[in-house]
2 protein chains.
Amino acid sequence: MSIQKLIDSLQKHINLNRQEQEMLTDFLVLKIIKKKQFFLHEAQIAKEVAFVVSGCLRSYSIDQNGFEHILQFAPTGWWITDMYSFISQQPTHLNIDALMDTEVYLLSRQNQLQLFDKIPKLERYFRIITENSLVGSRQRLIDNLSLTASQRYANFCTTYPTLIHDLPQKLVAAYIGVTPEFLSKLRSGVAKSKKS
Amino acid sequence: MSIQKLIDSLQKHINLNRQEQEMLTDFLVLKIIKKKQFFLHEAQIAKEVAFVVSGCLRSYSIDQNGFEHILQFAPTGWWITDMYSFISQQPTHLNIDALMDTEVYLLSRQNQLQLFDKIPKLERYFRIITENSLVGSRQRLIDNLSLTASQRYANFCTTYPTLIHDLPQKLVAAYIGVTPEFLSKLRSGVAKSKKS
DNA sequence: CCCATTTCTTAACCTGGGTTATTGTAAACA
DNA sequence: TGTTTACAATAACCCAGGTTAAGAAATGGG
């Protein structure tokens, strides 16, 4: 069953007995998001956080010139939402959509907070997950401030060796923070590599 | 007493009784970090997280060209550490030092984890604090990807109206991600403002 | 299987912000 | 009180990466 993927993720950090697992399951909703459909759209409120069982989601913002900036890819085993909107229940400025048909478990903020009271170990799990996300987000900031585009591209290739193959280049460009044209230039080796 | 600043911060999110407050206090160490002294230095391990009672700390990384990039300012009421090193107990790549004489409470990771078991409400507090940090970090990433230097400077002025006055410009530059020379150009209005 | 749409590449040109250098100014400290 | 050290301003020049445009290649949906 697909719930096993989620249980596996939990067991990496905490131990739930059968009963607790079942209680958790009661608070989740399984949903299919088809390719190009939105899980969350600008100005909506992020009522839920999603755990990806299969497929892949991405979150991105659109700037005032219409350019997309990808914040996160969420392949199998990842959680995704707009944390700002999720915790404040204010309208989001982000979009989250599916890069391919994707199966997710949805957990509403309400249910999450209830679960934290009923099963404190789950609060621990999310505390740990959030700590890890913060580390990732900070590191990405550092990379954007410190590295050249070609270094960021090299990073991406080693960090997401899977994604790099079955992802259109324009999405890679929107993640590392360059135009598709410039990424193309980088890949063709025209741009001097600055000792990568 | 200076511990009151910390208690105030806690009470915004959780309720601790007298006994719990005292237990917490037993796990904290009060320390003074004098101006320009380090709380954390590259290659050390972040054994503790610091709560700033008075003064101001800053965390920054140094890139391969020797440029400093400031990740966070921590004035009164803020927590600061390198989360990566703190949770993994691996050597940090960051530096954290004092911009002025600063008084902090230190909480070691060991003590923190023990407190989480003894007072689950504290795990809740840090879960919330970490969620908020993640929101801030993500927003800063978006700003760096979407905004021009002059827009980021304007943002900084409205977000940290206090800091902007008593902070040398070179530190502001190292935060918004430009050279001090260019920030100077921005401030003198020479650079076209791109309707910001 | 074909046509429409999206994605990728290339190339000429442009610009936001960096680099280097100089000069002025203001704290810190002896 | 002078002097050393750090900070800020300005200016001339430079370059990583963006912009525009146009054709080639891949994709996909009917």
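Treat the numbers as computed from the prediction; the structure is a model and nothing was measured. Proteins come first, then strands; the chains are lettered A, B, ... in the order of their sequence lines, and each starts at number 1. Only heavy atoms go into these numbers, but all of them, side chains included; no hydrogens, no water, no symmetry mates.
Every residue meeting the side-chain hydrogen bond (donor to acceptor under 3.5 Å, both in side chains) condition with B/Q4, not counting sequence neighbours, appears here in chain and number order: B/D8.
Distance A/E68 CD to C/dT7 C1': 14 Å, rounded to the nearest Å. When the P atom of C/dG18 is taken as reference, atom CG of B/L183 falls 10 Å away, rounded to whole Å. Going from atom CG of B/L99 over to atom P of C/dA28 covers 13 Å, rounded to whole Å. Put simply, CG on A/D101 is 15 Å from C1' on D/dG29, counting in whole angstrom units. The interatomic distance linking A/F67 (CZ) with D/dT20 (C1') rounds to 11 Å, in whole Å. The distance from atom CG of B/N144 to atom P of C/dG16 is 18 Å, rounded to the nearest whole Å. Put simply, CG on B/D166 is 13 Å from P on C/dA27, counting in whole angstrom units. Going from atom CG of A/L147 over to atom C1' of C/dG18 covers 17 Å, rounded to whole Å.
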Donor-acceptor pairs are to be reported for all side-chain atoms of residues 84-92 of chain A against protein atoms at under 3.5 Å, with residues two or more places apart or in another chain.
unit_1	atom_1	unit_2	atom_2	d
A/S85	OG	A/A46	N	2.8
A/S85	OG	A/Q90	O	2.6
A/S88	OG	A/Y84	O	2.7
A/S88	OG	A/Q90	N	3.2
A/Q89	NE2	A/A46	O	3.2
A/Q89	NE2	A/F86	O	2.9
A/T92	OG1	A/D82	OD2	2.7
A/T92	OG1	A/L94	N	2.9

Pairs under 3.5 angstrom only: tabulate donor-acceptor contacts from the side chains of residues 108-124 of chain A to other protein residues two or more places apart or in another chain.
unit_1	atom_1	unit_2	atom_2	d
A/S108	OG	A/N111	N	3.0
A/R109	NH1	A/Q112	OE1	2.7
A/R109	NH1	B/E131	OE2	3.3
A/R109	NH2	B/E131	OE1	3.1
A/N111	ND2	A/F27	O	3.3
A/D117	OD1	B/R124	NH1	3.3
A/D117	OD1	B/R124	NH2	3.0
A/K121	NZ	A/N15	O	2.8
A/K121	NZ	A/E20	OE1	3.0
A/K121	NZ	A/E20	OE2	3.3
A/E123	OE1	B/R124	NE	3.2
A/E123	OE1	B/R124	NH2	3.0
A/E123	OE2	B/R124	NE	3.1
A/E123	OE2	B/R127	NE	3.0
A/E123	OE2	B/R127	NH2	2.9
A/R124	NE	B/E123	OE1	3.2
A/R124	NE	B/E123	OE2	3.1
A/R124	NH1	B/D117	OD1	3.3
A/R124	NH2	B/D117	OD1	3.0
A/R124	NH2	B/E123	OE1	3.0

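With no hydrogens or angles considered, no side-chain donor-acceptor pair links B/R152 and B/Y175 at under 3.5 Å. Counted by atom type alone, B/T25 and B/Y105 present zero donor-acceptor pairs between their side chains at under 3.5 Å.
Cluster note: A/W78 groups with no other residue, as no ILVMFWY side-chain heavy atom lies under 4.5 Å from it. In this structure, B/I128 stands alone, with no Ile, Leu, Val, Met, Phe, Trp or Tyr side-chain heavy atom under 4.5 Å from its own, directly or through other members.
Closest to the B/T148 side chain, of the nucleotides C/dT7, D/dT10, C/dG17, is C/dG17. The side chain of B/A149 approaches C/dG17 more closely than any other nucleotide in the set C/dG17, D/dG17, D/dT10. The side chain of B/R187 lies closest to D/dA9, out of D/dA8, D/dT19, D/dA9.
A donor-acceptor contact under 3.5 Å is formed by the side chain of A/K185 with the base of D/dG18.
Between A/T179 and D/dG18 there is a side-chain N or O to OP1 or OP2 distance below 4.0 Å. Note on B/K35: a side-chain N or O is less than 4.0 Å away from OP1 or OP2 of C/dA28.
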Listing time: all N or O pairs from protein to nucleotides 20-24 of chain C that are below 3.5 Å?
none

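Evaluation of the ring pair (Phe, Tyr, Trp, His ring centres under 6.0 Å) test over residues 41-64 of chain A, restricted to residues two or more places apart or in two chains, returns A/F38-A/H41, A/F51-A/W79. For the salt bridge (Lys or Arg N to Asp or Glu O under 4.0 Å) condition, the pairs that include at least one residue of residues 83-98 of chain A, sequence neighbours left out, are A/R58-A/D97. For the salt bridge (Lys or Arg N to Asp or Glu O under 4.0 Å) condition, no pair includes a residue of residues 132-149 of chain B, sequence neighbours left out. Sorted by first and then second residue, the side chain to side chain donor-acceptor pair (under 3.5 Å) pairs with a member in residues 44-55 of chain A read A/S54-A/E103; sequence neighbours excluded.
Helix bend of the helix from C/dC1-D/dG30 to C/dA30-D/dT1: the angle between its two end axes, each built from five pairs, comes to 60° after rounding to 10°.
A heavy-atom distance below 4.0 Å to DNA chain C is reached by these residues of residues 169-178 of chain B, ordered by number: B/G177, B/V178.
Between B/G177 and A/L145, the shortest heavy-atom distance links the atoms CA-CD2, 4.1 Å.
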